[in-house]
There are 2 protein chains.
Amino acid sequence: MNNASKPVYLKLRDIISESILDGEYAEGDMLPSVRAFAVEQGANPLTVAKAYQGFQEDGLVTVKRGVGMFVASGAKAKLRDAQRADFIKNVWPPVERQMKRLNIKLDELLENNS
Amino acid sequence: MNNASKPVYLKLRDIISESILDGEYAEGDMLPSVRAFAVEQGANPLTVAKAYQGFQEDGLVTVKRGVGMFVASGAKAKLRDAQRADFIKNVWPPVERQMKRLNIKLDELLENNS
DNA sequence: ATCGCTGTATTATGGCAGTGATGCAGTATG
DNA sequence: CATACTGCATCACTGCCATAATACAGCGAT
């Protein structure tokens, strides 16, 4: 299940998430407008809006109508915790199972880092 | 991206792969018929057929029309190698990136095992 | 008030993936 | 040949995704 085969609105969601986690968009910052981000990513404004929608439902962004969408206070920690929980619960177990089944040791994986 | 949210035919494919890797279906053995496996898994025969289709394209099973599908010779090693390569190339990198981003250490993951 | 930006709602359309019901074709067995 | 099993092909239905063309509503600066 690669990133390339994901729906666009989910990929956009990931891009935003990573940007917030990496501090590119700090708390209080305004996110790119729907139309601007659509142009930047070569996507449809509606698709971007759909991607943004989930964030406001989770309280990660604050919407100022007519102005823009802003990274909510505490969003970074909240996002981090949610992603950590998801990783431990949903991502890691199948990975570990596959490593056991294929007899892949951690040694083989921890060398080629950037 | 959980196992639960995968298309049925991909889940069936995984079940077969694991059964071959674990030796449940040895090389030369006949796989369950499309209809039998469909009943067993509560799926549609066509969906099972679609799951089987990929295996014959990869030369992992030999089809004897009117008889059944048989695990090809060398299928286990071939499958293992393919899955190892796919894991190292496609699965592990995003996992490692996410671990770095979320600052998840291996220590947290290697304790609660079965 | 006007202009230019912001997000949002509406409706419609095309494409594609997943699933399903039915029937046909090949093979072994009697 | 008849039967009962195999895989496989065709057609159709459904839902999700993405896009499009508008239009509307809120805010700020001139």
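The chains referred to below are lettered A, B, ... by the order of the sequence lines, with proteins before strands, and numbering in each begins at 1.
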Checklist outcome for this item: Nucleotide by nucleotide, nucleotides 24-30 of chain D touches protein heavy atoms under 4.0 Å in the pattern (B base, S sugar-phosphate only, - none) -SBS---
Checklist entry - Tracing side-chain links under 4.5 Å among I, L, V, M, F, W and Y, which residues wind up in one group with A/Leu46? => result none
Item to check | Where at least one partner belongs to residues 50-75 of chain A, residue pairs that pass salt bridge (Lys or Arg N to Asp or Glu O under 4.0 Å), sequence neighbours excluded | outcome: none
Checklist outcome for this item: When the rotation axes relating C1' atoms of four end pairs to the next four are compared across the helix from C/dA1-D/dT30 to C/dG30-D/dC1, five pairs an end, they differ to 10° by 10°
Item to check | Nucleotide range of DNA chain C lying under 4.0 Å from chain A heavy atoms | outcome: C/dC5 to C/dT10
Checklist entry - Linking Ile, Leu, Val, Met, Phe, Trp and Tyr through side-chain heavy atoms less than 4.5 Å apart, which residues share a cluster with A/Met30? => result A/Val67, A/Phe70
Checklist entry - How far apart are the closest heavy atoms of B/Ala26 and B/Val71, and which atoms are they? => result O-CB, 3.5 Å
Item to check | Minimum heavy-atom distance between A/Ile88 and A/Pro93, given as atom pair plus value | outcome: O-CD, 3.3 Å
Next on the checklist: The criterion is side-chain contact (heavy atoms from CB on, under 4.5 Å); which residues satisfy it with B/Val39, sequence neighbours excluded?
Outcome noted: none
Checklist outcome for this item: Expected list for residues 23-33 of chain B near DNA chain C, using heavy atoms below 4.0 Å, is none
Next on the checklist: Taking any heavy-atom pair under 4.0 Å as a contact, classify B/Gln56: base, sugar-phosphate, or nothing.
Outcome noted: sugar-phosphate
Next on the checklist: Under 4.0 Å, heavy atom to any atom of DNA chain C: which of residues 36-52 of chain B qualify?
Outcome noted: B/Asn44, B/Leu46, B/Thr47, B/Lys50
Checklist entry - In chain order, what residues pass the side-chain contact (heavy atoms from CB on, under 4.5 Å) check against A/Thr62, with sequence neighbours excluded? => result A/Ala72
Item to check | A/Met99 vs A/Leu109, side-chain contact (heavy atoms from CB on, under 4.5 Å): CA-CA, chis, key distance, verdict | outcome: CA-CA 11 Å; A/Met99 287 179 62; A/Leu109 303 170; 3.9 Å; yes
Checklist entry - What residue pairs, at least two apart or across chains, pass side-chain hydrogen bond (donor to acceptor under 3.5 Å, both in side chains) with a residue in residues 22-35 of chain B? => result A/Arg101-B/Asp22
Next on the checklist: Taking salt bridge (Lys or Arg N to Asp or Glu O under 4.0 Å) as the cut-off, I'd like each qualifying pair that reaches into residues 72-95 of chain B, sequence neighbours left out, listed once.
Outcome noted: A/Glu108-B/Arg84
Checklist entry - A/Tyr9 OH to D/dT19 P: how many Å, rounded? => result 13 Å
